[in-house]
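Just so you know, these numbers come straight off a predicted model, no measurement behind them. Atom set for the values below is all heavy atoms of this structure, side chains included, hydrogens, waters and symmetry mates excluded. Each residue takes its place number in the sequence, starting with 1.
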Amino acid sequence: MSDQLRPRASLRTAVVWEVLKDALDRQAEASGKDALDVLDTGGGTGNFAVPAARLGHRVTVVDPSPNALFALERRAAEAGVADRVRGVQGDILGLFDVVERGGFDAVLCHGVLEYVDEPAEGVRNAVDALRPSGALSLLAAGLGGAVLARALAGHFTEARQALTDPAGRWGEGDPVPRRFTAEQLSGLVSGAGLEVGAVHGVRVFADLVPGVLVDTEPGAVDALLKLEAAVAELPAFHSVATQLHVLGEKRA
């Protein structure tokens, strides 16, 4: 796939984008539509919205930050897809104050559940925004990745704290309010009435490998991307991933 059709080929987005693009392609084929209506909740500056629009889809981004929406507008214009990207100020718990129920073929909820008071309500709102047979792409911080990272940094007490804390936080200085296991995220998706189509571990190794090694070793970035893709669907690695991605499908 060309770089023009995906976000910057980074270790943070590549695995999720490949899964998402495949899901959008299947959705378009199944519905017989050339262009889908996509909702990106918490989509910020358009890391996924703009590439989705480049594929020809119509994307609505809901985000609480005016600055992020301004950057999204500029980014969409620079990419030549301003006519297919719409930014709206709002959040997932007040979603239907700004968008219609049942109006979207796909909903992205990336990096949102960590920061809302009621994650289950957030997932239900995302599902309620879907049309019959719609797809939900859910990405959230993984508990195991944080435990492993703190332990490898020598912060063993913080690692144990994250492991036992109900929200998965390692201490007062933890910038992430909440983390999840794969089972918890899958439970939120199935509890909202969707079928769990796939679960992926994201950034399994990328956050553990020294940056200088990746930057200086020839071919290291591509090799690491291939490794991340190879382990993403293996359940054994979900428990140590920095992020977890769940794809949910709404049955007609």
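Using a 4.5 Å cut-off on side-chain heavy atoms (C-beta onward), Thr60 and Val38 make no contact. By the 4.5 Å heavy-atom criterion applied to side chains, Trp170 and His155 are not counted as neighbours. The closest side-chain heavy-atom distance from Asp22 to Arg26 is below 4.5 Å. Looking at Val107 and Ser137, their side chains never come closer than 4.5 Å, going by heavy atoms from C-beta outward. Side-chain atoms of His57 and Leu24, non-hydrogen and from C-beta on, do get closer than 4.5 Å to each other. Here the side chains of Ile92 and Val62 are not in contact, with every heavy-atom distance at 4.5 Å or above. Proximity of Leu136 to Leu247: side-chain heavy atoms (C-beta onward) are nowhere separated by under 4.5 Å. Side-chain contact between Thr242 and Val204: absent, with no pair of heavy atoms (C-beta onward) separated by less than 4.5 Å.
A single hydrophobic cluster is not seen to contain both Val112 and Val16; linkage of ILVMFWY side chains at heavy-atom distances under 4.5 Å, directly or through other members, places them apart. Following chains of ILVMFWY side-chain contacts shorter than 4.5 Å, one can reach Leu139 starting from Trp17, so the two form part of one hydrophobic cluster. Hydrophobic clustering (ILVMFWY, side-chain heavy atoms < 4.5 Å, transitive): Val221 and Leu208 are in one cluster. Hydrophobic clustering (side-chain heavy atoms under 4.5 Å, transitive across Ile, Leu, Val, Met, Phe, Trp, Tyr) keeps Leu36 apart from Val127. The cluster map of Ile, Leu, Val, Met, Phe, Trp and Tyr, joined by side-chain heavy atoms under 4.5 Å apart, puts Val240 and Leu234 in the same cluster.
Note that the NE2 atom of His200 and the CD atom of Glu233 stand 3.5 Å from one another [nearest 0.5 Å]. Once rounded to the nearest 0.5 Å, the distance linking CG of Leu143 with NE2 of His238 reads 14.5 Å. Between Asn67 atom CG and Leu72 atom CG the span is 12.5 Å, to the nearest 0.5 Å. Rounded to the nearest 0.5 angstrom, Phe48 CZ and Leu108 CG are separated by 7.5 Å. For the atom pair CG of Leu113 and CD of Gln184, the computed distance is 11.0 Å after rounding to the nearest 0.5 Å. For the atom pair CG (Leu244) and CZ (Phe180), the distance works out to 10.0 Å, reported to the nearest 0.5 Å.
When all heavy atoms are compared, the tightest approach of Ala129 to Phe96 is N-CZ, 3.8 Å. Residues Gln27 and Asp105 come closest through the heavy atom pair NE2-O, 3.1 Å. Shortest non-hydrogen contact noted between Ala151 and Ala159 is N-CB, 3.8 Å. Here the shortest heavy-atom pairing between Arg54 and Arg84 reads CA-NH2, 4.3 Å. For the residue pair Arg58 and Asp37, the shortest heavy atom distance occurs at NE-OD1, 2.8 Å. What you find for Val85 and Ala76 is that their closest heavy atoms are CB-CB, 4.0 Å.
One N or O on the side chain of Ser190 and one on the backbone of Gly187 form a donor-acceptor pair closer than 3.5 Å. Counting only distance, with no hydrogens or angles, the side chain of Arg150 and the backbone of Glu158 share no donor-acceptor pair below 3.5 Å.
Every residue two or more places apart in sequence or in another chain that forms a side chain to side chain contact (heavy atoms under 4.5 Å, CB included) with Ala71 is listed here: Thr45, Arg74. Not counting sequence neighbours, Asp165 has no partner by the side chain to side chain donor-acceptor pair (under 3.5 Å) test.
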**Step-by-step side-chain contact (heavy atoms from CB on, under 4.5 Å) determination, Val246 to Val196** = CA-CA 7 Å; Val246 178; Val196 176; 3.9 Å; yes

**Request:** Dump the intermediate steps for salt bridge (Lys or Arg N to Asp or Glu O under 4.0 Å) on Asp222 and Lys226, then the final yes or no.
**Result:** CA-CA 6 Å; Asp222 286 341; Lys226 290 177 181 177; over 6 Å; no

**Request:** Evaluate the side-chain contact (heavy atoms from CB on, under 4.5 Å) criterion for residues Cys109 and Val123: first the C-alpha distance (whole Å), next the side-chain angles of each, then the deciding distance (0.1 Å), finally the verdict.
**Result:** CA-CA 8 Å; Cys109 183; Val123 175; 5.8 Å; no

**Request:** Might you work through the side-chain contact (heavy atoms from CB on, under 4.5 Å) test for Val88 and Arg86, ending with a clear yes or no?
**Result:** CA-CA 7 Å; Val88 182; Arg86 179 172 71 105; 3.4 Å; yes

**Request:** Begin from the C-alpha positions of Arg178 and Glu114 and carry the test salt bridge (Lys or Arg N to Asp or Glu O under 4.0 Å) through to its verdict.
**Result:** CA-CA 5 Å; Arg178 185 180 291 105; Glu114 299 94 322; over 6 Å; no

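Remark: Gln89 CD is packed, more than 12 non-hydrogen atoms of other residues, nucleotides or ligands lying under 6.0 Å away. In the displayed structure, Glu249 atom CD is contacted under 6.0 Å by more than 12 heavy atoms of other residues, nucleotides or ligands. The environment of CG in Asp83 is crowded: more than 12 heavy-atom neighbours from other residues, nucleotides or ligands sit within 6.0 Å.
Under the 30°/60° scheme for interplanar angles, the aromatic rings of His245 and His110 are found to stand perpendicular.
Arg124 has no carboxylate O lying under 4.0 Å from a charged side-chain N of Asp128, or vice versa, which leaves the two without a salt bridge.
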